[in-house]
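Here's the structure, in C-alpha cells; my notes come after.
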Amino acid sequence: PADRFGQLEPVLAARGVALTYTEKPDDLNAKTLAGYDALVVYANHTKITPEQEKALLEYVEGGKGFVPLHCAS
C-alpha cells in the first residue's frame with residue numbers, strides 16, 4: 001500500500017487532489033474521517049472493530065466517498 005500511495009499521490013496532487021496516507025486502523029474513526037471528503041482503502045487488514053465499522057458506515061451514509069481498491073486494479 002505505501003508503494004501504491006507513492007505512485008498515486010503525485011499524479012493526483014497534480015490534478016488538485018490531496019491524499020493523506022496512514023497504515024493505522026485506529027484512524028478509522030468519526031473524528032479523523034470528518035476531515036476528509038473520501039476514504040480510499042488499499043490495505044491488507046482482514047478485520048476492523050465494530051466501532052470502526054460503525055464510523056465507516058456513518059461516514060458513507062453521511063454522503064462521503066468510499067473508494068476501495070484491490071491489488072487486481
Side-chain angles (χ1 to χ4, degrees):
D3 291 341
R4 188 69 57 235
F5 174 80
Q7 295 168 339
L8 290 174
E9 193 279 329
V11 174
L12 292 176
R15 290 164 173 80
V17 178
L19 297 180
T20 301
Y21 179 79
T22 184
E23 292 185 1
K24 298 181 277 183
D26 288 342
D27 286 334
L28 192 57
N29 63 70
K31 183 178 179 181
T32 300
L33 290 173
Y36 299 96
D37 295 321
L39 172 66
V40 177
V41 175
Y42 184 84
N44 297 319
H45 300 284
T46 58
K47 293 182 182 181
I48 59 175
T49 68
E51 295 81 12
Q52 292 166 333
E53 179 180 4
K54 182 178 185 287
L56 175 57
L57 291 173
E58 289 177 353
Y59 176 78
V60 174
E61 288 170 352
K64 300 293 185 160
F66 180 55
V67 185
L69 297 180
H70 185 273
C71 61
S73 300

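Just so it is clear, the structure is predicted and the values come from calculations on it, not from any experiment.
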Measuring from D37:CG to K64:NZ, what's the distance to the nearest 0.5 Å? 5.0 Å
Residue that, paired with T49, satisfies side-chain contact (heavy atoms from CB on, under 4.5 Å) out of E53, E51, K47: E51
Would a single hydrophobic cluster contain both V60 and V67, if residues Ile, Leu, Val, Met, Phe, Trp and Tyr are joined by side-chain heavy-atom contacts under 4.5 Å? no
Roughly how far apart are L19 CG and L12 CG, rounded to 0.5 Å? 5.0 Å
Sequence-distant partners of F5, ring pair (Phe, Tyr, Trp, His ring centres under 6.0 Å), two or more places apart: Y21
Closest approach of V11 to Q7 (non-hydrogen atoms, all atoms of both residues): CG2-O, 3.6 Å
For residues A55 and L33, report the shortest heavy-atom separation together with the two atoms involved. O-CD1, 3.8 Å
Output, in order, the C-alpha distance, side-chain angles, deciding distance and verdict of side-chain contact (heavy atoms from CB on, under 4.5 Å) for L39 and L28. CA-CA 9 Å; L39 172 66; L28 192 57; 3.9 Å; yes
Between Y59 and Y36 (side chain of the first, backbone of the second, donor and acceptor by atom type, cut-off under 3.5 Å), is there such a pair? yes
Side chain proximity check, L8 to L69, heavy atoms < 4.5 angstrom: yes
What's the shortest heavy-atom distance between A2 and E23, and which atoms? CB-OE2, 4.0 Å
Would a distance-only check, ignoring hydrogens and angles, find a side-chain to backbone donor-acceptor pair under 3.5 Å from E58 to A30? no
If I take atom NZ from residue K54 and atom CD from residue E61, how far apart are they, to the nearest 0.5 angstrom? 9.5 Å
Are I48 and F66 connected, step by step, through hydrophobic side chains (Ile, Leu, Val, Met, Phe, Trp, Tyr) whose heavy atoms are closer than 4.5 Å? yes
